[in-house]
2 protein chains.
Amino acid sequence: MPRAGLDTQTVLTAAAEIADTKGVEELTLATLAQKLGVRSPSLYNHVHGLPGLRNKLVIYGMNQMREAMARAAIGKSKDEAVRAIAEAYLEFVRRHPGVYEATNRYPDMNDPAVQKAAGEVVEVVIQVLQAYGLKDDTAIHIVRGFRSMLHGFASIEQQGGFGIPLDLNESFRMLVDTLLAGIHALHEVK
Amino acid sequence: MPRAGLDTQTVLTAAAEIADTKGVEELTLATLAQKLGVRSPSLYNHVHGLPGLRNKLVIYGMNQMREAMARAAIGKSKDEAVRAIAEAYLEFVRRHPGVYEATNRYPDMNDPAVQKAAGEVVEVVIQVLQAYGLKDDTAIHIVRGFRSMLHGFASIEQQGGFGIPLDLNESFRMLVDTLLAGIHALHEVK
DNA sequence: CTCTTTAAACTAATATCGTTAGTTTTATAT
DNA sequence: ATATAAAACTAACGATATTAGTTTAAAGAG
């Protein structure tokens, strides 16, 4: 019996694929082991059980997200950068629904590694907002609002919560425009 | 052995209490049966297994939510009504985190009963927005944006996603104000 | 008031899952 | 070539959901 030659990275990408294709509920040690051609206890050599797997997937997802957003914002500033980040966010969720859901469902906010990964995502947005010269507290409120919009829209869309057949991209664009208008208004008052 | 005298309503409120106090992951047929002083197979007389229980809880939660929002909007109109609904939404999530999470995690959008309950929640918002005299499509876009903000903010807050120690209620108020400003802008252009 | 019937609740049993303990065996280093 | 570390395994346990079949309490019919 040859050795499977598993790697934490291999395990993780297999887990991500299961989550994205079959749904996050289907991501179990049993299905993962089967996909990797191994018995489930063997996974404990690479991951601290199911909670450990989920934790790694959360961090993996946050990093992927940060990368996608940062890439989209390269060479852009202000409104253009905000729109680019928003689009990148939504596109990521559409392409990786399972990973995104895991990110929202299983994060252990007491884990410093999770805090770090989450902070780095927020950092990308903060950097983009700096161009507007907002007061510190104001910037934080805006970041919170931006995140709320993005997460809210993406997750409602993801679970089919928008019933009516009216263009979703248009709704999303209007929502981002609303945020931008709000930023502009604040900026003028200083 | 005296009979427990269970009722679908009794089962449901017990389930809601477990979800709200212990978390939605702790809501199992086993814990629920124990809380009700009954063996878990007995629950099948009142609910179609765990999926059925979750489905009923989803509908229950949506109805509670609609009621809270509708109550908050009584006797108010326009901005005042929008703010009241937003506050009622957030307060509901804070008071009933488990039921709210169930509502987002387990909805079967193919179930007509779920569609109906979800539609009735949206209907409350639509009624309030009618006072602004928006074009039909525009109103739908706004409702989507409003829902995105509310759900996004509430669920990020719920899982401790807003790390920085800055007043959350203030962030929420600013977010709602942003939406209101967006509505006003649309209204002026007609 | 007695008898019948319906269904609430039970016991018993099964499949799946996560997890731990202990064993085998492959790859790697010495 | 041998020794070691760890990857993968088997075996076993506890918890869960679920089904089938049984008991029995409550409600209705006469």
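Quick note on labels: first sequence line is chain A, next is B, and so on, each numbered from 1.
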Task: Single hit among B/H151, B/R94, B/R95 for side-chain hydrogen bond (donor to acceptor under 3.5 Å, both in side chains) with B/Y100 - done: B/H151
Open item on the list: What is the separation between atom CG on A/L6 and atom C1' on C/dA27, rounded to the nearest whole Å?
Closed with: 14 Å
TODO: Return the value, rounded to whole Å, for the distance between atom CD of A/E25 and atom P of C/dG18.
DONE: 13 Å
Open item on the list: Heavy atoms from C-beta onward define the side chain here; which of C/dC17, C/dC10, D/dA17 lies closest to that of B/T28?
Closed with: D/dA17
Open item on the list: Working to the nearest 0.5 angstrom, can you tell me the gap between A/T103 OG1 and A/R54 CZ?
Closed with: 13.0 Å
- [ ] Give the nucleotide from the list C/dT19, C/dA9, C/dC10 with an atom nearest to the side chain of B/H46.
- [x] C/dA9
TODO: Start with the C-alpha gap between A/F92 and A/H96, add the side-chain angles, then the distance that decides, and say whether ring-ring contact (aromatic ring centres under 6.0 Å, His included) holds.
DONE: CA-CA 6 Å; A/F92 181 87; A/H96 306 287; 4.8 Å; yes
Task: Contact under 4.0 Å: B/Y44 side-chain N or O vs D/dT18 OP1/OP2 - done: yes
Task: Whole angstrom value for the distance that separates C1' of D/dT18 from NE2 of B/H48 - done: 14 Å
Open item on the list: Is there, by distance only and without an angle test, a donor paired with an acceptor across the side chain of B/N45 and the base of C/dA9 below 3.5 Å?
Closed with: yes
Open item on the list: Using side-chain heavy atoms (C-beta onward) and a distance below 4.5 Å, is A/V128 in contact with A/I85?
Closed with: yes
Task: Between P of C/dA9 and CG of B/L36, the distance in whole Å - done: 10 Å
TODO: Measure the distance from CD on A/Q34 to P on C/dG18 and round it to the nearest whole Å.
DONE: 12 Å
Open item on the list: Can you tell me if B/S42 touches the phosphate of C/dC10, counting only side-chain N or O atoms and a distance under 4.0 Å to OP1 or OP2?
Closed with: yes
Task: Length of the line joining A/E26:CD and C/dG18:P, which is rounded to integer Å - done: 11 Å
Task: A/R54 CZ to C/dC17 P, straight-line distance once rounded to whole Å - done: 13 Å
- [ ] Choose from C/dC10, C/dT19, D/dT18 the nucleotide whose nearest atom is closest to any side-chain atom of A/P41.
- [x] C/dT19
- [ ] Report yes or no: do B/H141 and A/S171 form a side-chain donor-acceptor pair below 3.5 Å?
- [x] yes
- [ ] Identify which nucleotide among D/dC9, D/dT18, C/dT11 has an atom closest to any side-chain atom of A/R39, counting heavy atoms from C-beta outward.
- [x] D/dC9
Task: Nearest-angstrom distance from the residue atom CG of A/D7 to C1' of D/dA8 - done: 15 Å
Open item on the list: So if I take every side-chain heavy atom of B/P51 and compare against D/dT18, C/dC17, D/dA17, which nucleotide ends up nearest?
Closed with: D/dT18
